[in-house]
Amino acid sequence: MHFAAAFVALASAVALGRAQTNTGEATYYYPGLGACGFTNTQDQYVVAVSVDFYNDYPYVLMFTALGATSNPNDNPICQHSLTANYNGNSVTVAIVDQCEACAYYDIDLSPAAFQGLADLSVGRLDGVTWSVN
């Protein structure tokens, strides 16, 4: 019986890494060589997630990050995209980098991706929802 409960808890932890809808702020940045090892431009639909989210992906179990590797290029989050939503607009972007200044659920979009949600002049969007695909 205890094994079954532990298995369900572990399965739930794994699912949280991918299916969870997160809410945070979105800003934009000018990408270059990212933590995933790719060089991107401002015209591509790419995103940086917070360092902690990047290192915790796909989940944290008992305070241990089970997705992080010693080489950030090999982090499993680099194989995913996320879909961000704001005021009825939506963009899907490749996860390519870490955002040093972002809070846990904040994201930093390329200018092209940000403009899919709002004008660049807005600068910061509060209440953006997003989930990893």
Side-chain angles (χ1 to χ4, degrees):
M1 183 69 168
H2 293 290
F3 176 76
F7 181 76
V8 169
L10 178 60
S12 296
V14 171
L16 285 177
R18 293 192 181 172
Q20 179 177 345
T21 298
N22 308 298
T23 303
E25 293 184 349
T27 52
Y28 66 92
Y29 78 115
Y30 293 92
L33 178 61
C36 291
F38 306 110
T39 300
N40 297 100
T41 69
Q42 65 184 15
D43 298 321
Q44 294 175 299
Y45 277 57
V46 296
V47 66
V49 295
S50 73
V51 171
D52 290 334
F53 190 89
Y54 185 97
N55 289 332
D56 289 349
Y57 188 85
Y59 57 92
V60 176
L61 183 63
M62 302 298 279
F63 306 105
T64 302
L66 299 175
T69 66
S70 59
N71 180 350
N73 296 175
D74 295 333
N75 192 300
I77 201 168
C78 295
Q79 302 167 18
H80 293 279
S81 62
L82 67 79
T83 300
N85 305 286
Y86 182 75
N87 279 353
N89 298 315
S90 176
V91 293
T92 298
V93 291
I95 300 170
V96 298
D97 205 355
Q98 300 176 4
C99 174
E100 297 285 336
C102 290
Y104 197 84
Y105 291 123
D106 292 351
I107 55 175
D108 212 5
L109 298 159
S110 64
F114 189 94
Q115 289 179 89
L117 299 178
D119 191 82
L120 290 180
S121 65
V122 177
R124 181 178 302 273
L125 307 175
D126 188 36
V128 172
T129 59
W130 59 273
S131 59
V132 175
N133 300 320

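One is the number of the first residue; the rest follow in order along the sequence. Every heavy atom of this structure was used, including side-chain atoms; hydrogens, water molecules and symmetry mates were not. Keep in mind it's a predicted model, so treat the numbers as computed, not measured.
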Q. Under the 4.5 Å side-chain heavy-atom rule for ILVMFWY, direct or indirect, which residues accompany Val96?
A. Tyr29, Val46
Q: Any chance you could lay out the side chain to side chain donor-acceptor pair (under 3.5 Å) test for Thr92 and Ser81, step after step, and finish with the verdict?
A: CA-CA 7 Å; Thr92 298; Ser81 62; 5.9 Å; no
Q. By side-chain contact (heavy atoms from CB on, under 4.5 Å), which residues pair with Thr23, not counting sequence neighbours?
A. Thr129
Q: For residues Ser90 and Thr83, determine if any side-chain heavy atom of one lies less than 4.5 Å from a side-chain heavy atom of the other.
A: yes
Q.
So Val128 and Ile107, do their side chains get closer than 4.5 Å, heavy atoms only?
A. yes
(Q) I'd like to check the side-chain contact (heavy atoms from CB on, under 4.5 Å) partners of Cys102; sequence neighbours left out, ordered by chain and number. (A) Ser50, Cys99, Asp106, Asp108
Show me the side-chain donor-acceptor pairs of residues 117-126 shorter than 3.5 Å, one per line, residues at least two apart or across chains.
unit_1 : atom_1 : unit_2 : atom_2 : d
Asp119 : OD2    : Ser121 : N      : 2.9
Asp119 : OD2    : Ser121 : OG     : 2.7
Arg124 : NH1    : Glu25  : OE1    : 2.8

Q: List the steps, then state whether side chain to side chain donor-acceptor pair (under 3.5 Å) holds for Asn22 with Tyr104.
A: CA-CA 10 Å; Asn22 308 298; Tyr104 197 84; over 6 Å; no
Q | Side-chain touch Leu82/Val49, heavy atoms, less than 4.5 angstrom | A | yes
Check: residues 34-44 side-chain donor-acceptor pairs under 3.5 Å, at least two apart:
unit_1 : atom_1 : unit_2 : atom_2 : d
Asn40  : ND2    : Gln44  : OE1    : 3.1
Thr41  : OG1    : Asp43  : N      : 3.4
Gln44  : OE1    : Thr41  : N      : 2.8

(Q) List the residues meeting side-chain hydrogen bond (donor to acceptor under 3.5 Å, both in side chains) with Asn89, not counting sequence neighbours, and say none if there are none. (A) none
Q: If a pair satisfies ring-ring contact (aromatic ring centres under 6.0 Å, His included) and one of its residues is in residues 110-133, list it, with sequence neighbours excluded.
A: Tyr28-Phe114, Phe53-Trp130
Q) Does Glu100 have any side-chain contact (heavy atoms from CB on, under 4.5 Å) partners at least two apart in sequence or in another chain, and if so, which? A) Val51, Gln98
Q. Is it true that Val93 and Leu33 fall in one hydrophobic cluster, defined by side-chain heavy atoms closer than 4.5 Å?
A. no
Q.
Considering only residues two or more places apart or on different chains, which pairs with a residue in residues 81-95 satisfy salt bridge (charged side-chain N to carboxylate O under 4.0 Å, His left out)?
A. none
Q. Is there a donor-acceptor pair under 3.5 Å between the side chain of Tyr54 and the backbone N or O of Pro72?
A. yes
Q | For Tyr86, side-chain hydrogen bond (donor to acceptor under 3.5 Å, both in side chains) partners two or more places apart | A | none
Q. Just by distance, do the side chain of His80 and the backbone of Val132 share a donor-acceptor pair under 3.5 Å?
A. no
Q) What's the spacing between Asn87 CG and Asn85 CG if we round to 0.5 Å? A) 10.5 Å
